[in-house]
Number of protein chains: 4
Amino acid sequence: MRKKRDAEGTKSRVLKSAEKLFARKGFNGTSIADISKDSGISDGLILYHFKSKDKLYQEVIERVAARYMQVFEGFRENNLPPAEMMKESLREVFGFWRTDSTYNRISLWAYLERREATAVNEARLTAGLAAYLASLQESGHFPREIDPVVFLSTIIGPIHFWFRYKTRFAEILKLTEKDGALDDHFLKQFTLMLTSFFRDPNGPKKAV
Amino acid sequence: MRKKRDAEGTKSRVLKSAEKLFARKGFNGTSIADISKDSGISDGLILYHFKSKDKLYQEVIERVAARYMQVFEGFRENNLPPAEMMKESLREVFGFWRTDSTYNRISLWAYLERREATAVNEARLTAGLAAYLASLQESGHFPREIDPVVFLSTIIGPIHFWFRYKTRFAEILKLTEKDGALDDHFLKQFTLMLTSFFRDPNGPKKAV
Amino acid sequence: MRKKRDAEGTKSRVLKSAEKLFARKGFNGTSIADISKDSGISDGLILYHFKSKDKLYQEVIERVAARYMQVFEGFRENNLPPAEMMKESLREVFGFWRTDSTYNRISLWAYLERREATAVNEARLTAGLAAYLASLQESGHFPREIDPVVFLSTIIGPIHFWFRYKTRFAEILKLTEKDGALDDHFLKQFTLMLTSFFRDPNGPKKAV
Amino acid sequence: MRKKRDAEGTKSRVLKSAEKLFARKGFNGTSIADISKDSGISDGLILYHFKSKDKLYQEVIERVAARYMQVFEGFRENNLPPAEMMKESLREVFGFWRTDSTYNRISLWAYLERREATAVNEARLTAGLAAYLASLQESGHFPREIDPVVFLSTIIGPIHFWFRYKTRFAEILKLTEKDGALDDHFLKQFTLMLTSFFRDPNGPKKAV
DNA sequence: TATGAATGAGGGTTCATTCAT
DNA sequence: GATGAATGAACCCTCATTCAT
C-alpha cells in the first residue's frame, strides 16, 4: 500500500496511537498489532523504527513526562507573593490534569508496571517544590511547623484523587452540574483551603 | 500429588496466590500458569473452580474490596467528638493502607482496567463520609463553607499519594529515618493539618 | 482433533520427525511448524513437551549419540587378537554409518552449529580407543612408532569421507556397481590396508 | 556515508563479510542484516548487487571452491618420483586446510545443504588423483591391489577428520603442545604411514 | 549506485481454555 | 475434584525482499 518514505511522519503516527492505547490498556494490554491497526503502520515497521515494544513504551512515557514537566517550568521565575503563586500553580497543575487525561493514566500504569521514568520525574518535581517551600519557611511566608513534603502531598494527592473518582462521586451524590462546572467548583474550594496556610509575615496571622 | 478433594482449601489457596500475583503484575501480566506454579494447584483445576481467568480476577478484586469496607464499619456507631473521630478515622485508614499494600495496587489496577468493584466501593464510602460531614455542618461542628467531598479528597488523596511516592521521596530527599518512622511522621503532621479545620461550635476559633 | 492423552506416544512421534528434519536441514533450517506438519502434533504441544526448540534439538542429538555409542559397547570385552578385533570394529562402525545415515548428518550439523554434545562424545570415544591402542603397543601388538590418535584418524576419517563423497565418486568415475556393492568393495579394501599395521609379536613381520 | 560509486569494491567487501559469516553460522544462521552490519554496506545494496541471499551464498561458495582448486593446479606438471610427490601433495593439502579454515566450514555447510559446487569440485579432484594413481599402478610404482579411490579416501579423510576433532583431542588427551606443533606432529606421522605404500618397482618391497 | 523505509510472511513461544483420564 | 495433555490464537520479533528517493 503506502510506500511513501516519511520516517518522521510514521514515527509520530505510531507514537500517537501508542500513547492512546497504552493509556487505555497499559503495556501488557496493548499489542503491537493493536497499534499497527490503529495507526495504519505495519507491525514490522513499528519495530523497525522503535527496536522493541519496550523501547516504544519508554519513548511514549518520556514524551508524556516531558509534557508534564513543561507545565512547571518558569514557576520560580515569576515574583508573585507566595499565596498568589500557590493559587497560580494550583490552577496550572489542575488545568494540566484536566486537559491531559492521558498523562494521568500513563503515569499510573507506569507506576504499577514499575517503570521508573514518570515516578522519578514526579517525585523529583515534588522534591523541588518542597525545597522551595522550605525557603519560604526561612523567610517566614510559610509556617515552619508544617513539613513541606506533607503539605505538597496535600496539594497534589487530592488532585490525583479528584480525577480518579469525580465521575463516581457525581453518580453517587447525584451531582447535576456538568463536568466542567464540577471541576471549577472543586478547584475553587480546594484553593481556598490551601491558601489559608500562607500568611503575610508582617501582617496579622490568618485563621481558617 | 495433592489429590485430596478439598474444594474450599483449593479455592482459598488459589485466591491467595492470585491476589499476590495480580497485585504485583496486574491481570495481563499474570498467567494462569503463574498462579498454578505459585499455588501448587494445576491449571485445569483453577479454571474448573473459577470458570475463567476473568472471573477469578473479579473474585479477587471483590475479596480485597470487602476487606477494605470492613475497616469502616462501626465508624458511625461511636460517639466521639468530631475532631477526635477524624483523628481516629485517619489513623485507621492510614493503618489499613500501611498494612495492606495489596489493596492499594489491586485497586489501582482495577481502576485502570475499568473494573468497577473497588472504585464504586471507594466512592460510595467517600460519599457516605461526606453525608456524615454534612450533618456535622448542620450541627455547626464543621465549617459550612467547605465542601465535604473536597475535604474528603484532601484527606484520602494525600494518603494515596504518600504510599505511592514515599520511597521515591525518601531516596530523593535522602531521608534517613526508616520506613515506619517516616510513616509516623507523615501521619502526625497530616493529622495536625486536618484537625485544624474542625472546631468546637461553642469554643474559640482554632487557628493553624 | 486428536485429544487422546498419550504423552509418551506424542513425544516419540515428535522426536522421530524432529530427527528426520534436523538431519535433513539442520537446526536453523527446520522450524517447529515443519516438525508439527510432519508429526501431526501441534506447535503448542511440541513446546509443551520439550520446553523449547533448543531443548528438543538437544534431546534429538542425545538420542542419536546414544545410538552411536552403543555400537562400541562391549568392544573391550571380547578377547579377539588385535588384528581380528580391528577388522571386527571396522565392520561394525562401517555398518553403523551405512545404516544410520541420520547420525552422520546430525553430527555434522551439530559440529557446524557448535553444539558440543556429539563432538565431545566422538572425541571421547576416539580417545578411549587410542588408549586401547597404546596398551597394544605395550604388549607389542601394534607398532610403537605410530601415534594411536593418528592411526584412529586414519580409520574413522576415511569412513566419514567415503559416506560423504561416494555418490559423487560413483558418478564421476562412472562406477556401475550398485551402492551396496560399492560399500562392500570399499570396506574390503580398506580393511586390508589397515590390518597390515597389526602384527603378531611372536610371528613374522607382516608386509603390505 | 559511503556514496562513492564503486561497484567492484562494494561487491568484494560484501563477499568478504558474507564468507566470514556464512562460514561461521551457515546460510540460515546468517541474515542479510548481519552481512550489512559487518560490511558496512546497506541491505538494499547487497541485494541490488547479488539479486538474492541465495545467489550471494552461491557466489561465496564458488569463490571459496575456486581457491581450493588452485592449490592443486600444476601438480601433474612436476616430475618428482611418486613417493616424493605424495609427500609434497600431502603437505600442500594439509597446509591449505590449516590456513584456510573457512574452506573447511563452507564446504561442510554446502554439503549438508546439498549445494553441489564444492562437493563436485572435491570429488572431481579426488577422481583426477585416482586416475593419476592408476597410471602409477600401470608403471608399477603403486601396488595394484589397492584401489586408488580407497587410498585417496585414506589420505584426505584423515585430514578432514583431524581438523574437525583436533581441539577436542587436545582437550581430552590433555595434549600440551600448542596448536601448530600438534599439526606438525600429525602431518609427520601421517606422512610416514602413507608413504609406506609406495615402493620402488625395482627395489625391495617396503614393509611398514 | 546507494540508502533505508516499508511490507508481509514466518520465526519461536506463551497462553487461556478444553477435555480425556 | 483433580490432572495435565492438547489446541489454536495471539504475542513480539526477525527477515528477505521491494521500491521511493
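Chain letters run A, B, ... following the sequence lines, proteins first, then strands; residues in each count from 1. Computed from a prediction, not measured in an experiment: that's the story for all the values here.
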**Request:** Would you mind reading off the distance between C:K37 atom NZ and F:dG8 atom P, rounded to a whole angstrom?
**Result:** 14 Å

**B:I41, nearest nucleotide to its side chain (from F:dT3, F:dT18, E:dT14)** = F:dT3

**Message:** Whole angstroms only, please: what is the CG-C1' distance between C:L45 and E:dT14?
**Reply:** 14 Å

**Request:** Find which nucleotide of DNA chain E each of D:S42 and C:A33 is nearest to by heavy atoms, and output the residue with the more 5' nucleotide.
**Result:** D:S42

**Request:** Take the protein atom CG of C:D6 and the nucleotide atom C1' of F:dT3, then report the distance between them rounded to whole Å.
**Result:** 16 Å

**Prompt:** Taking atom P of E:dG11 as reference, at what distance in whole Å does atom CD1 of C:I46 sit?
**Reply:** 12 Å

**Request:** Whole angstrom is fine here: how far is it from CZ in D:R13 over to P in E:dA2?
**Result:** 10 Å

**Message:** Whether A:H49 contacts E:dG4 is assessed here as follows: a side-chain N or O lying under 4.0 Å from the phosphate OP1 or OP2. Is that the case?
**Reply:** no

**Request:** Counting heavy atoms from C-beta on, name the nucleotide in E:dT3, F:dT3, E:dT13 closest to the side chain of C:D43.
**Result:** E:dT13

**Asked** Can you name the closest pair of heavy atoms from A:Y111 and B:R105 and give their distance?
**Response** O-NH1, 4.3 Å

**Asked** D:L47 has a side chain; which of E:dT1, F:dC12, F:dT17 sits nearest to it?
**Response** F:dT17

**Fill in**
Heavy-atom nearest nucleotide on DNA chain F taken for C:A7 and for A:T30; more 5' hit belongs to C:A7

**Asked** How do D:D34 and D:K51 order along DNA chain F: which one's closest nucleotide is nearer the 5' end?
**Response** D:D34

**Message:** Partner lookup for E:dG12, please. Criteria are Watson-Crick or G-U wobble with both distances under 3.5 angstrom; report none if nothing qualifies.
**Reply:** F:dC11

**Fill in**
Separation of E:dG12 atom P from C:K55 atom NZ, nearest Å, is 15 Å

**Prompt:** Taking B:R115 for the side chain and B:Q58 for the main chain, is one N or O donor matched with an acceptor at less than 3.5 Å?
**Reply:** no

**Message:** Tell me if a side-chain donor or acceptor on A:T10 pairs with a main-chain N or O of A:D6 at a distance below 3.5 Å.
**Reply:** yes

**Complete:** As its Watson-Crick or G-U partner within any shown strand, both distances under 3.5 Å, F:dT21 has E:dA2

**Complete:** Looking only at F:dT7, F:dT17, E:dA16, the nucleotide nearest the D:K53 side chain is F:dT17

**Prompt:** Does a side-chain N or O from A:T10 land closer than 4.0 Å to OP1 or OP2 of E:dA5, or not?
**Reply:** no

**Message:** I want to check one thing: is the phosphate of E:dA5, taken as OP1 and OP2, less than 4.0 Å away from some side-chain N or O of A:Y48?
**Reply:** yes

**Message:** I want to check a possible cation-pi pair here: A:R67 against A:Y103, using under 6.0 Å from ring centre and within 45° of the ring axis as the test.
**Reply:** no

**Message:** Over 60° means perpendicular and under 30° means parallel, so tell me whether B:F22 and B:Y57 are parallel, tilted or perpendicular.
**Reply:** perpendicular

**Asked** Given atom CD1 of A:I32 and atom P of F:dC12, what is their separation to the nearest angstrom?
**Response** 5 Å

**Asked** Within the structure shown, what part of the strands sits under 4.0 Å from D:S36 by heavy-atom distance: base, sugar-phosphate, or nothing?
**Response** nothing

**Prompt:** Between atom CZ in B:F50 and atom P in E:dT17, what is the gap in whole Å?
**Reply:** 14 Å

**Message:** Looking at E:dG10, I'd like to know if its phosphate oxygens (OP1 or OP2) sit under 4.0 Å from a side-chain N or O belonging to C:S31.
**Reply:** no

**Message:** I'd like to know if the side chain of B:D34 reaches the main chain of B:S31, judged simply by a donor and an acceptor atom lying under 3.5 Å from each other, with no hydrogens or angles considered.
**Reply:** yes

